[in-house]
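Below is one structure, written out as structure tokens; comments come after it.
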Amino acid sequence: MEASSLLNEGLTLMLYGMGFVFIFLTLLVFVTTLMSKLVNQYEKSVGVLPADGVPSPTAVIPKHGPVKPSLKEPDNMLSILSAAVQEYRQRHK
Amino acid sequence: MENLIHLWENTGLFQITIGQVVMIIIGMLLLYLAINKNFEPLLLVPIGFGGVLANIPGAGLADPGGILYQFYTIGIESGAFPLIIFMGVGAMTDFGPLLANPKTLFLGAAAQFGIFATLMGAVLLSTFGVFDFSLADAAAIGIIGGADGPTSIYVASKLAPDLLGAIAVASYSYMALVPLIQPPIMRALTTQSERTIKMVQQRHVSQREKIVFPLLLLLLVAFLLPDAAPLLGMFCFGNLMKECAVVDRLSNTTQNSLINTVTIFLGLAVGSKLSAESFLDFTTLGILLLGMVAFSIGTASGVLMAKLLNKFGGGGINPLIGSAGVSAVPMAARVSNKLGLEADPHNFLLMHAMGPNVAGVIGSAVAAGIMINYVSGGG
């Protein structure tokens with residue numbers, strides 16, 4: 001009696017399990033296909049993300065890291081311009 | 001004189017039992033296979049050494065209070081180590097090939113048939129009185145067919161902790177034996193013309209798709225099968241860290257230092273289960289045999305499913321990639337590639353086989369969730 005109930009349990013688990021694996025992965029196939037379509041549609045209008053990700057790490061934000069010279073500040077503007085002038089003069093002596 | 005006798009009684013030579021001698025030899029054999037034959041050395045070295053340590057007479061490293069016992073309780077009994085490894089595996093997985101051809105998920109599903117067929121086999125053997133497996137034991141043995149080390153250890157620790165040593169050793173040994181076990185089955189089930197089917201170049205998969213996929217998978221698991229959430233949740237987390245590319249530091253740690261650290265302790269803890277009393281048993285032999293059957297059936301059903309897809313799904317699928325549905329990543333995919341090149345030197349199947357390969361990881365985690373759910377809940 002007990003042996004046959006174990007057999008039954010095993011059989012049930014096999015059918016149930018295999019069925020569920022297939023249902024789950026079938027759903028995943030549909031959802032994934034749909035997702036790919038939507039994302040591709042979306043990217044047609046916004047363009048793709050760069051493969052190496054969005055710049056600037058989130059874990060550590062450098063406070064006093066190297067600051068890029070920005071054209072908006074007048075000091076930077078001056079030094080950039082004077083460097084350019086010097087460069088020009090040296091080339092055209 | 002009394003002191004001398006006391007000292008003698010405390011030596012290993014005095015206390016050792018035959019079982020321990022045999023287990024130390026088995027541990028050494030595992031080390032030999034790992035070091036000399038390069039069989040899954042990353043795991044078999046710690047497992048083999050742990051096995052030797054666990055059987056040192058009198059030292060009691062694997063008994064309550066011993067260091068290996070602590071590793072086991074902290075890492076495996078709690079389920080932590082296999083899950084952390086799964087996170088690392090997630091961070092190393094590229095879902096690109098799968099996203100390019102989602103149909104290959106079916107191959108990953110079919111290969112899980114090995115798990116359930118073996119479960120049935122174990123149950124049948126118990127019914128006829130050859131072995132004495134409970135349903136939980138049978139489920140834990142079946143999962144060897146998933147060819148996924150961490151999943152097997154996770155399920156075994158939940159359902160059949162007594163059999164964990166044998167199950168872990170079986171599943172890692174078979175993962176190492178993939179290149180020997182699979183090819184004859186694959187050749188037997190396919191014809192020469194099927195093996196030369198050329199597969200078209202995969203489409204490009206955008207970064208956004210790769211970021212959304214783990215989240216999608218997570219939601220699906222959350223809604224349908226919360227029992228698989230520990231395994232697949234960690235897997236998706238690892239993968240998201242890799243693909244989102246804004247937490248490279250975390251992703252690198254997960255893929256390298258963290259997974260390596262955990263592997264060391266996982267191996268030693270599994271080794272601690274190789275004690276003579278529990279391993280030197282007729283059941284171990286049964287587990288090794290059933291594991292082999294599980295693996296072969298998984299391979300065969302993957303190949304057959306690929307042929308079926310070819311018939312009804314419009315063709316263009318080389319049945320050789322079906323065998324990669326068992327989740328031994330990336331060995332199974334390499335085997336597919338090798339056999340493909342054998343049939344046609346210009347046919348590169350590696351990237352195509354990676355699709356079913358990672359699908360197999362998902363499939364076996366789902367199967368694990370179902371088994372845990374059924375056995376601990378309903379049965």
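Since we're looking at a predicted model, the values are computed, not measured. Proteins get letters first, then strands, A, B, ... in listed order; numbering begins at 1 in each.
- Once rounded to the nearest 0.5 Å, the distance linking CZ of B:Phe128 with CG of A:Leu7 reads 7.5 Å.
- For chain A, the nearby part of B:Ile211 is the side chain; its heavy atoms alone come within less than 4.5 Å.
- With a 4.5 angstrom heavy-atom cutoff, A:Phe30 does not touch chain B via any of its atoms.
- Looking only at side-chain heavy atoms (C-beta outward), B:Leu99 and A:Met35 come within less than 4.5 Å of each other.
- In this structure the side chain of A:Leu13 reaches within 4.5 angstrom of the side chain of B:Val375, judged on heavy atoms.
- Using a 4.5 Å cut-off on side-chain heavy atoms (C-beta onward), B:Leu224 and A:Leu27 make contact.
- Note on ring orientation: taking the six-membered ring where Trp is involved, the planes of B:Phe106 and A:Phe22 are parallel (angle under 30°, cut-offs 30° and 60°).
- If you measure heavy-atom distances from A:Met18 to chain B, the contacts under 4.5 Å come from both the backbone and the side chain.
- Only the backbone of B:Ala117 has a heavy atom closer than 4.5 Å to any heavy atom of chain A.
- Summarising the geometry of B:Ala109 relative to A:Leu25, their closest heavy-atom pair is CB-CD1, 3.4 Å, with the distance given to 0.1 Å.
- Only the side chain of B:Ile362 comes within less than 4.5 Å of a heavy atom of chain A; its backbone N, CA, C and O stay farther away.
- The greatest number of non-hydrogen atom pairs below 4.5 Å with chain A, out of B:Met371, B:Met120, B:Gln112, is found for B:Met120.
- Residue B:Ile370 holds its CD1 atom at 13.5 Å from CE of A:Met14, rounded to the nearest 0.5 Å.
- For B:Leu216, the part lying under 4.5 angstrom from a heavy atom of chain A is the side chain only.
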Residues B:Asn373, A:Phe20; criterion side chain to side chain contact (heavy atoms under 4.5 Å, CB included); working and verdict: CA-CA 12 Å; B:Asn373 174 350; A:Phe20 196 89; over 6 Å; no

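- Once rounded to the nearest 0.5 Å, the distance linking NE2 of B:His204 with CG of A:Asn40 reads 9.0 Å.
- Contact annotation for B:Ala138: neither backbone nor side-chain heavy atoms come within less than 4.5 Å of a heavy atom of chain A.
- Between chain A and the options B:Gly363, B:Ala139, B:Ala110, B:Ala359, the largest number of non-hydrogen pairs under 4.5 Å is found for B:Ala110.
- Interface remark: of the candidates B:Leu124, B:Val205, B:Leu119, B:Leu119 forms the most heavy-atom pairs closer than 4.5 Å to chain A.
- Annotation: the span from A:Phe24 atom CZ to B:Leu232 atom CG amounts to 6.5 Å, rounded to 0.5 Å.
- Residue contact with chain A, scored on non-hydrogen atoms closer than 4.5 Å, involves the backbone of B:Phe133 exclusively.
- If you take CG on B:Asp132 and CG on A:Leu6, they are separated by 9.0 Å, rounding to the nearest 0.5 Å.
- Distance check: B:Phe95 CZ to A:Thr32 OG1 gives 9.5 Å after rounding to the nearest 0.5 Å.
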